[in-house]
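Residue numbers start from 1 in every chain, and the chains themselves are labelled A, B, ... in the order their sequence lines are given, proteins ahead of strands. Not measured: the values here are computed from a predicted model.
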There are 2 protein chains.
Amino acid sequence: MILNVDLASEVPIYQQLRDQIVEAIADGVLAEGSPLPATRTLAADFGINFHTVNKAYDLLRQEGLIRLNRKSGAVVTQTVADPPFPAEWTARARTLLAEAVARGLPADEVLTICRSILDSFDARKPEGTP
Amino acid sequence: MILNVDLASEVPIYQQLRDQIVEAIADGVLAEGSPLPATRTLAADFGINFHTVNKAYDLLRQEGLIRLNRKSGAVVTQTVADPPFPAEWTARARTLLAEAVARGLPADEVLTICRSILDSFDARKPEGTP
DNA sequence: CTGTTTGTTCTATAAGTTATAGAACAAACA
DNA sequence: TGTTTGTTCTATAACTTATAGAACAAACAG
């Protein structure tokens with residue numbers, strides 16, 4: 001897995017880390033059981049504080065995407081979407097999609113972009129072939 | 001247009017305002033030329049500071065969604081998506097879609113949700129019937 | 001057993017963001 | 001003329017972000 005952090009970005013570092021790990025999971029680059037680097041190791045790699053990495057990992061744990069323990073470190077868990085999740089996700093999706101439509105992107109083009117993004121996930125994470 | 005603000009939310013007030021106005025534009029509730037309330041009026045309605053409303057309006061202007069002038073107030077502009085926009089939008093869409101997939105929502109279900117959201121916009125904003 | 005690594009927890013601080021506040025100005029308008 | 005409006009400025013309290021140092025307990029290698 002390749003992570004990169006933009007220190008000049010307006011997006012918080014812990015958020016960048018979280019987002020990239022989430023995308024790696026969706027991609028299939030990180031599968032169920034995949035270990036993540038130790039917080040201090042990852043922090044050293046990027047020259048950032050280990051508390052910042054800790055915050056990203058903590059977020060991912062709260063979202064149920066990884067599990068943390070002293071012996072195995074951080075490992076990716078296979079999650080099944082639970083009821084409260086899709087509702088608030090849909091609200092955020094609505095805001096994002098509205099932004100594209102409001103700015104003049106035709107709805108069918110928006111959907112095409114979404115489809116191609118989702119297809120790029122499926123490419124490495126085949127749904128029907130276990 | 002019905003706006004509502006949740007003061008207890010972790011989402012900044014100016015962001016809530018911006019998001020709801022963007023959705024109203026996508027919905028077609030706010031069409032090209034529609035006037036928005038004066039900053040002080042809107043602030044008074046919600047019991048918030050007018051600088052907060054100002055910030056939301058300023059964001060929308062930077063995004064090219066509204067125009068502000070002293071005589072006509074804030075009015076919605078019809079925008080055509082320009083090159084730099086879809087690229088950064090796609091990056092954000094990727095993050096959001098990845099989150100759903102990583103959390104176990106099947107890709108086809110995610111796409112169905114996107115489609116139904118986009119359809120709800122189209123309902124009031126017919127593309128082919130002017 | 002010893003030393004190291006690891007996640008975890010605590011306090012602390014500097015810089016930036018958010019929301020509020022007051023004041024003032026110029027353009028538009030009744 | 002007086003009012004409304006967008007715009008701009010300074011200021012402040014509360015919160016967030018990122019960094020930092022310290023310490024602890026569980027797991028593990030040698």
Check: Are B:Asp58 and B:Lys55 ion-paired here, with the side-chain N under 4.0 Å from a carboxylate O?
Finding: no
Notebook entry, point to check: So do the side chains of A:Phe46 and A:Leu17 get within less than 4.5 Å of each other, counting heavy atoms only?
Noted result: yes
Next item on the list: Apply the test salt bridge (Lys or Arg N to Asp or Glu O under 4.0 Å) to residues B:Glu99 and B:Arg94: give CA-CA distance (whole Å), side-chain angles for both, the deciding distance (0.1 Å), then the verdict.
Entry: CA-CA 9 Å; B:Glu99 189 174 326; B:Arg94 188 177 176 82; over 6 Å; no
Margin query: When you group the ILVMFWY residues by side-chain heavy-atom contacts below 4.5 Å and let the links chain together, are A:Ile113 and B:Val110 in the same group?
Written below: yes
Note to self: Partner lookup for C:dT13, please. Criteria are Watson-Crick or G-U wobble with both distances under 3.5 angstrom; report none if nothing qualifies.
What the structure shows: D:dA18
Item checked: Gap between atoms CG and P, on A:Asn54 and D:dT17 respectively (whole Å) -> 15 Å
Note to self: Only pairs with both distances under 3.5 Å count, Watson-Crick or wobble alike; so what is the partner of C:dA30 in this structure?
What the structure shows: D:dT1
Check: Would you say B:Lys55 reaches C:dA19's phosphate, i.e. side-chain N/O to OP1/OP2 under 4.0 Å?
Finding: no
Item checked: Whole angstrom value for the distance that separates P of C:dT20 from OH of B:Tyr14 -> 13 Å
Notebook entry, point to check: Any chance the side chains of B:Thr77 and B:Glu32 put a donor and an acceptor closer than 3.5 Å?
Noted result: no
Next item on the list: Could you state the atom-to-atom distance from CG of B:Asp58 to C1' of C:dT18 in whole Å?
Entry: 15 Å
Next item on the list: Quick one: label A:Asn69 by what it contacts on the DNA or RNA (base, sugar-phosphate, nothing), any heavy atom closer than 4.0 Å.
Entry: sugar-phosphate
Notebook entry, point to check: Phosphate oxygens OP1/OP2 of C:dA19: is one of them under 4.0 Å from a side-chain N or O of B:Asn49?
Noted result: no
Next item on the list: Would you mind reading off the distance between B:His51 atom NE2 and C:dT17 atom P, rounded to a whole angstrom?
Entry: 18 Å
Check: Rounding to a whole Å, what distance do you find between A:Phe46:CZ and D:dA18:P?
Finding: 14 Å
Margin query: Please determine whether a side-chain nitrogen or oxygen atom of A:Tyr57 lies at a distance below 4.0 Å from atom OP1 or OP2 of C:dG7.
Written below: no
Notebook entry, point to check: What is the distance, rounded to the nearest whole Å, between atom CZ of B:Arg40 and atom C1' of D:dT7?
Noted result: 9 Å
Next item on the list: Would you mind classifying the nucleic acid contact of B:Arg61 as base, sugar-phosphate or nothing, using non-hydrogen atoms under 4.0 angstrom?
Entry: sugar-phosphate
Item checked: Protein-nucleotide distance (B:Leu68, atom CG; D:dT8, atom P), rounded to Å -> 10 Å
Next item on the list: Quickly work out the B:Ile13 CD1 to D:dA14 P distance and round it to whole Å.
Entry: 16 Å
Note to self: With a 3.5 Å distance limit and no angle check, can you tell me whether B:Ser34 reaches the backbone of B:Ala31 through a side-chain donor-acceptor pair?
What the structure shows: yes
Next item on the list: Look at the side chain of A:Phe50 and decide which nucleotide, out of C:dT18, C:dA23, C:dT8, has an atom nearest to it.
Entry: C:dT8
Contacts under 3.5 Å, N or O only, protein and nucleotides 27-30 of chain D:
none

Next item on the list: Find out if a path of hydrophobic residues (ILVMFWY) with successive side-chain heavy-atom gaps under 4.5 Å connects B:Val53 to B:Leu68.
Entry: yes
Check: Phosphate oxygens OP1/OP2 of C:dT20: is one of them under 4.0 Å from a side-chain N or O of B:Thr52?
Finding: yes
Check: Taking everything shown except A:Arg92 itself, do over 12 heavy atoms lie less than 6.0 Å from its CZ?
Finding: yes
Note to self: When both hydrogen-bonding distances must be under 3.5 Å and the geometry is Watson-Crick or G-U wobble, what is D:dA23 paired with, if anything?
What the structure shows: C:dT8
